[in-house]
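The structure appears below as structure tokens.
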Amino acid sequence: MSKIPCEIIQDLLPSYIDELTSDVTNREVEAHMTECEQCRNVFEQMKAPDIETTETEEKEIDFLKKTKKKHRRNLILSAAVVWAIAILFFGARYYLDGQYMNTDYLSYNLDVSGSELSVVVNSTSDQGIQKVEINEAEGVVEISVHCVPKSIFYQTTAEESYTASETIRQVWIGDRIIWANGEMISPLTSGLYAVYNPYIGNMPSNGKIVNVLNMTAYTGGFTNELQTSEEPYSWKMIFQNDFSADRQAALEERLKRYAYIYLAEVGNLGEVIYDYHVDGEPKTLSVTSSEASEYAGVDIKSVGTDINRLEQLIRKTGLSNVVLGGASVESNAQADFSNREQTEKVLEFTVINYAEDAVYGMGLKVDCGKVSGHQSMCEANGAALQSGLNVNFQLIPEDFASEIEDGATATIRLSVVDQDGKEHEVQGAVYVDLFWGNKYRLNLSGNARDGYFLGQ
């Protein structure tokens with residue numbers, strides 16, 4: 001027999017008879033009455049008067065049924081309306097305002113003269129540019145780019161001009177300074193400027209500087225020791241790798257360059273010390289603030305808080321365009337310096353292909369004044385150079401008519417060949433200081449219709 005007490009079943013019978021109970025309740029009531037004669041009798045007695053119910057009572061019962069159904073319909077309809085309004089609201093807001101586009105997914109060309117500014121911005125993702133907003137305050141111009149899914153209405157390239165109310169001192173795109181006081185600012189400089197640390201004792205802030213420099217891609221991991229009991233305060237890095245002797249000279253030169261930046265970026269740091277092993281033999285290299293100042297040509301402690309001086313230091317070290325790791329350049333996850341001679345006599349350029357149209361060939365041109373180096377690249381089977389993949393160019397001294405010395409300023413230009421065999425000069429150029437053994441990253445974006453675009 002059903003486990004539900006007879007009293008409950010009998011309380012439910014009026015609603016059951018009037019068809020106001022749910023299907024689940026109906027089944028329970030019917031199962032109980034199949035086995036319970038007493039409840040069946042009560043049910044029969046309750047049903048009998050229904051034959052004689054008055055017209056008024058029947059109307060009341062019908063009203064209750066209709067009210068319940070109407071209430072259920074209203075709840076469902078209300079929920080559907082709320083969802084529809086929410087979808088319309090957020091959809092409209094998304095397409096009207098767009099979403100803020102991270103600067104890492106943008107390349108750009110900028111021209112600034114006095115209070116006049118023009119900028120060409122290109123999306124290197126699959127998003128179209130919905131709008132470019134420009135605001136200014138006290139000579140600082142901030143550019144923000146909003147994106148929506150790419151369509152015939154929203155393409156990946158946008159061009160804007162702007163007249164400021166006063167002479168422009170700085171230009172930002174998103175959270176990155178890209179121009180200041182007459183010169184372009186590299187992404188590395190902007191990143192370092194943002195993590196300046198006044199106090200060597202703040203180890204998490206020191207770590208941010210290491211991360212921006214991506215030094216461990218070159219050196220491998222290390223542990224730290226800080227000396228902050230008396231000046232000069234020092235920062236010792238103890239490397240875990242055992243370096244080969246044929247790499248020692250290049251390693252020590254690179255460590256010095258990193259030290260100059262650390263001494264500029266940490267306000268009260270007086271000395272950087274490196275402990276490492278070369279073919280198992282312990283070595284120590286130290287760089288002081290005075291040595292860094294001599295290298296920079298100015299007081300090194302005035303550099304970290306002055307973005308133009310910091311840019312000059314970064315350019316002098318040759319690290320401004322170096323790519324030694326990161327997900328965006330898979331082939332450079334670990335730089336291999338096992339063959340020092342070969343590494344130091346190669347300039348490597350990695351072009352990340354974000355082009356929307358199929359590209360069947362690329363040509364790289366490196367201009368150093370009157371001396372140029374060239375190299376072309378295409379698939380041997382005539383297939384397209386796939387979008388989203390990297391194309392690597394390597395130039396050696398023989399690619400240039402005369403010797404190129406470290407620190408030479410170069411203009412990097414690119415051309416591409418489309419599926420019809422037509423060659424396109426890529427808009428924009430990248431300016432770098434060349435150092436043999438360095439690796440440089442470039443971004444190709446755009447299409448044959450609107451033009452291809454080169455950024456870094």
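Keep in mind that the numbers below use all heavy atoms, side chains included, and drop hydrogens, waters and symmetry copies.
A heavy-atom distance below 4.5 Å is found between the side chains of Phe393 and Met362. Counting heavy atoms from C-beta outward, Glu271 and Ile273 have side chains that approach closer than 4.5 Å. The closest side-chain heavy-atom distance from Asp279 to Ser244 is below 4.5 Å. Residues Glu265 and Val212 form no side-chain contact, since every pair of their non-hydrogen atoms from C-beta on lies 4.5 Å or further apart. A 4.5 Å side-chain heavy-atom check between Asn241 and Thr219 finds every atom pair outside the cut-off. Counting heavy atoms from C-beta outward, Lys439 and Thr350 have side chains that stay 4.5 Å or more apart. Residues Phe453 and Thr157 are not in side-chain contact: their nearest non-hydrogen atoms beyond the backbone lie 4.5 Å or more apart. Residues Asn224 and Asn206 form no side-chain contact, since every pair of their non-hydrogen atoms from C-beta on lies 4.5 Å or further apart.
Judged by distance alone, the side chain of Ser293 and the main-chain N or O of Ile300 form a donor-acceptor pair under 3.5 Å. Remark: side-chain polar atoms of Trp179 are not paired, donor with acceptor, to backbone N or O of Asp111 under 3.5 angstrom. A donor-acceptor pair under 3.5 Å is formed between the side chain of Ser289 and the backbone N or O of Leu269. Ser190 places a side-chain N or O within donor-acceptor distance of the main-chain N or O of Ile177, the cut-off being under 3.5 Å. Proximity of a side-chain donor or acceptor of Glu136 to a complementary backbone N or O of Ser165 within less than 3.5 Å is detected. The closest donor-acceptor contact from the side chain of Asp418 to the backbone of Asp420 lies under 3.5 Å. Without hydrogens or angle criteria, Asn308 side chain to Ala180 main chain gives a donor-acceptor distance under 3.5 Å. With hydrogens and angles ignored, the 3.5 Å screen pairs a side-chain donor or acceptor of Glu311 with a backbone N or O of Ser186. The backbone N or O of Thr288 sits less than 3.5 Å from a side-chain atom of Glu291, completing a donor-acceptor pair.
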Quiz item: Val416 and Val426: side-chain contact (heavy atoms from CB on, under 4.5 Å), yes or no, with the steps?
Solution: CA-CA 7 Å; Val416 300; Val426 177; 3.9 Å; yes
Exercise. I would like to know whether Ile396 and Val346 meet side-chain contact (heavy atoms from CB on, under 4.5 Å); could you show each step before the answer?
Key: CA-CA 5 Å; Ile396 59 176; Val346 172; 4.0 Å; yes
Self-check item: From CA spacing to verdict: side-chain contact (heavy atoms from CB on, under 4.5 Å), Gln240, Thr223
Solution: CA-CA 8 Å; Gln240 300 165 3; Thr223 57; 4.3 Å; yes
Quiz prompt | Stepwise side-chain contact (heavy atoms from CB on, under 4.5 Å) check, Tyr440 with Leu434 | solution = CA-CA 9 Å; Tyr440 303 85; Leu434 295 179; 4.3 Å; yes
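In this structure, NZ on Lys131 lies 8.0 Å from OG on Ser144, to the nearest 0.5 angstrom. We find the CG-CG distance between Asn214 and Leu188 to be 10.0 Å, quoted to the nearest 0.5 Å. Atom CG of Leu255 sits about 6.0 Å away from atom CG of Leu285, to the nearest 0.5 Å. Once rounded to the nearest 0.5 Å, the distance linking CD of Gln248 with CD of Glu281 reads 8.0 Å. Put simply, OG1 on Thr189 and CD1 on Ile178 are 13.0 Å apart, with the number rounded to the nearest 0.5 Å. Interatomic distance, Leu213 CG to Ile261 CD1, rounded to the nearest 0.5 Å: 5.0 Å.
Qualifying ring pair (Phe, Tyr, Trp, His ring centres under 6.0 Å) partners for Tyr276, counting only residues two or more places apart in sequence or in other chains: none. Checked against ring pair (Phe, Tyr, Trp, His ring centres under 6.0 Å), Trp172 has no partners two or more places apart in sequence or in another chain. Under the ring pair (Phe, Tyr, Trp, His ring centres under 6.0 Å) criterion, Phe239 pairs with Phe222, Tyr274, not counting sequence neighbours. Partners of Glu253 by side chain to side chain contact (heavy atoms under 4.5 Å, CB included), not counting sequence neighbours, listed by chain and number: Lys256, Arg257.
Residues Val132 and Ala158 approach most closely at CG2-CB, 3.9 Å, considering heavy atoms. The shortest heavy-atom contact between Tyr452 and Val359 is CE2-CG2, 4.2 Å. Here the shortest heavy-atom pairing between Leu347 and Phe435 reads CD2-O, 3.4 Å. Heavy atoms only, all atoms of each residue included: Tyr233 and Thr228 are closest at CE2-O, 3.4 Å. Closest approach of Ile209 to Val195, counting heavy atoms only: CG1-O, 3.8 Å. When every heavy atom of Leu395 is checked against every heavy atom of Trp436, the shortest pair comes out as O-CZ3, 3.6 Å.
Screening Leu414, Asn438, Leu364, Asn392 against Phe349 for a side-chain contact (heavy atoms from CB on, under 4.5 Å) leaves a single residue, Leu364.
Ser229 and Gln227 share a side-chain donor-acceptor pair at under 3.5 Å. Looking only at atom types and distance, the side chain of Glu425 has no donor-acceptor partner in the side chain of Ser415 under 3.5 Å away.
For the side chain to side chain donor-acceptor pair (under 3.5 Å) condition, the pairs that include at least one residue of residues 294-305, sequence neighbours left out, are Ser302-Arg309.
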Result block: side-chain N/O donor-acceptor pairs under 3.5 angstrom for residues 365-374, not counting sequence neighbours:
{"residue": "Asp367", "atom": "OD1", "partner": "Ser372", "partner atom": "OG", "Å": "2.3"}

